[in-house]
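We use all heavy atoms of the structure for the numbers below, so side chains are in, but hydrogens, waters and symmetry mates are not. All figures in this text were calculated on a predicted structure; none of them were measured in a lab.
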Amino acid sequence: MKLKQLKNFLVVSKTLSFSAAAEATFLSIPAISTQIKALEEHFGFKLFDRNRRGLSLTPKGEQIIPLINEFIEATERLEKEIYKIHNEGAASITLALNSSLPNGISENIFNAVHSYDKISDIELSYSETSDNLKKLEEGTVDAAVIIGEPKPLRLDCHPIHLGEVPAVLACSHESKITDIDSIRDKIIKPSADCPFYQLYRSIDSKETDGTLFVRNNVLSGSEHFTIQLIETTNAIGIVSKSNAIKHRLFILDEFEERLPSYLLINKNKVSQSIIEQLNTSLNQEMFNEHVTHYARHY
């Protein structure tokens with residue numbers, strides 16, 4: 001008698017159909033039928049009556065369902081406890097990666113966390129800087145990757161510098177932009193909490209007196225939304241260079257700024273020993289070397 005057979009028996013008891021149970025468990029109908037027969041032989045009585053209308057539970061089949069549920073729950077609890085014993089002293093961590101970073105940097109972050117033997121489980125999410133900061137403050141993640149200088153938070157975080165990320169002004173190839181003065185009204189304005197806002201201000205200001213040029217522009221707090229607008233309209237937006245390349249956008253080379261990126265770790269949720277180990281693994285030189293290579297390559 002195997003645990004999987006018992007679980008599949010419960011599926012059949014709910015569907016009262018071998019075909020429906022096979023679909024739900026991604027098994028073939030003969031495989032499901034064989035498992036039920038094996039259980040009936042083990043128990044020494046029939047679990048289902050088979051007739052032209054399909055399946056129906058026998059009284060004995062109905063009687064053992066609560067016992068099987070208890071057995072499965074107890075077995076799963078035992079397996080979890082055994083896992084904890086084997087991984088005693090290990091910690092789990094929830095990590096929010098950043099969708100604006102090149103894939104290579106995200107991979108290096110994950111590998112550094114995953115390779116540390118004191119971390120047993122890693123739960124990943126993947127979003128932009130503003131969302132990652134919100135997750136940190138709400139306590140739904142233990143660590144998050146951001147772009148831009150860290151702003152004061154309501155919690156105590158340890159920042160690990162990951163290197164610099166190029167941000168660029170980009171548009172669709174169909175826009176045929178040749179002169180920045182001719183497209184100021186088409187620039188998508190990043191919201192003030194967006195990491196690309198500072199580059200927008202530098203583009204948007206006169207060198208003489210700092211007066212803002214741009215008028216009638218769309219406000220965006222999301223790089224994903226900005227890219228959608230660029231691809232579907234004649235708008236121009238500020239995005240990470242990696243995403244501009246990924247989406248085959250036209251990059252205006254004269255407008256580029258390198259923004260710092262950080263891994264922020266909640267000190268109240270991650271031990272100091274883990275923070276120190278990650279700080280060593282995620283050293284600035286490794287990431288600067290990768291980002292410099294990335295920028296030169298493109």
Parallel, tilted or perpendicular: ring planes of Tyr262 versus His161, cut at 30 and 60 degrees: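 Geometry flag for His161 against Tyr262: tilted rings.
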Within 6.0 Å of NE2 in His247, more than 12 heavy atoms from elsewhere: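 Yes, enclosed.
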Atom NZ of Lys267 with >12 non-hydrogen neighbours under 6.0 angstrom: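 Check passes, neighbour count above 12.
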Is any side-chain heavy atom of [X] less than 4.5 Å from a side-chain heavy atom of [Y]?
X: Leu264; Y: Asn132; result: no
X: Val270; Y: Leu278; result: no
X: Thr15; Y: Glu23; result: no
X: Phe225; Y: Glu128; result: no
X: Val11; Y: Ile32; result: no
X: Ile36; Y: Phe18; result: yes
X: Leu259; Y: Leu199; result: no
X: Asp142; Y: Glu123; result: no

Shortest non-hydrogen contact from [X] to [Y]?
X: Thr226; Y: Gly237; answer: CG2-CA, 3.9 Å
X: Ser172; Y: Thr233; answer: OG-O, 4.3 Å
X: Ser17; Y: Ala20; answer: OG-N, 3.1 Å
X: Leu136; Y: Val141; answer: N-CG2, 3.7 Å
X: Glu256; Y: Lys241; answer: OE1-NZ, 3.5 Å
X: Ser100; Y: Ile147; answer: CB-CD1, 3.3 Å

For residues 62-76, dump all side-chain donor-acceptor pairs below 3.5 Å to protein atoms at least two apart in sequence or in another chain.
from: Asn69; atom 1: ND2; to: Ile65; atom 2: O; distance (Å): 3.4
from: Thr75; atom 1: OG1; to: Phe71; atom 2: O; distance (Å): 2.8
from: Glu76; atom 1: OE2; to: Lys7; atom 2: NZ; distance (Å): 3.0

What's the separation between atom [atom1] in [X] and atom [atom2] in [Y], rounded to the nearest 0.5 Å?
X: Phe255; Y: Ile187; atom1: CZ; atom2: CD1; answer: 7.5 Å
X: Leu169; Y: Phe250; atom1: CG; atom2: CZ; answer: 10.0 Å
X: Lys189; Y: Ile238; atom1: NZ; atom2: CD1; answer: 11.0 Å
X: Lys269; Y: Asp156; atom1: NZ; atom2: CG; answer: 14.0 Å
X: Ser261; Y: Ile146; atom1: OG; atom2: CD1; answer: 8.5 Å
X: Phe48; Y: Leu16; atom1: CZ; atom2: CG; answer: 6.5 Å

Donor-acceptor contact below 3.5 Å, side chain Glu40 vs main chain Leu47: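 The answer is yes, because a donor-acceptor pair under 3.5 Å joins these two groups.
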Donor-acceptor contact below 3.5 Å, side chain Ser33 vs main chain Pro30: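 It does not hold such a pair.
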Listed partners of Glu276 passing side chain to side chain contact (heavy atoms under 4.5 Å, CB included), at least two apart: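 By the side chain to side chain contact (heavy atoms under 4.5 Å, CB included) rule, Glu276 matches Gln272.
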Pair [X]-[Y], side-chain donor/acceptor within less than 3.5 Å:
X: Asn98; Y: Thr129; result: yes
X: Thr58; Y: Asp49; result: no
X: Ser271; Y: Ser273; result: yes

Phe43-Phe9 co-clustered via ILVMFWY side chain contacts under 4.5 Å: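 Phe43 clusters together with Phe9.
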Passing candidate, side-chain hydrogen bond (donor to acceptor under 3.5 Å, both in side chains) with Ser127, options Lys135, Lys134, His224: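 That would be Lys135; it is the only one of Lys135, Lys134, His224 passing the side-chain hydrogen bond (donor to acceptor under 3.5 Å, both in side chains) with Ser127.
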Step-by-step side chain to side chain contact (heavy atoms under 4.5 Å, CB included) determination, Leu95 to Leu263: CA-CA 9 Å; Leu95 171 64; Leu263 175 65; 3.7 Å; yes
Lys246/Glu223 ion pair, N-O < 4.0 Å: no
Step-by-step side chain to side chain contact (heavy atoms under 4.5 Å, CB included) determination, Cys171 to Leu252: CA-CA 8 Å; Cys171 61; Leu252 284 76; 4.0 Å; yes
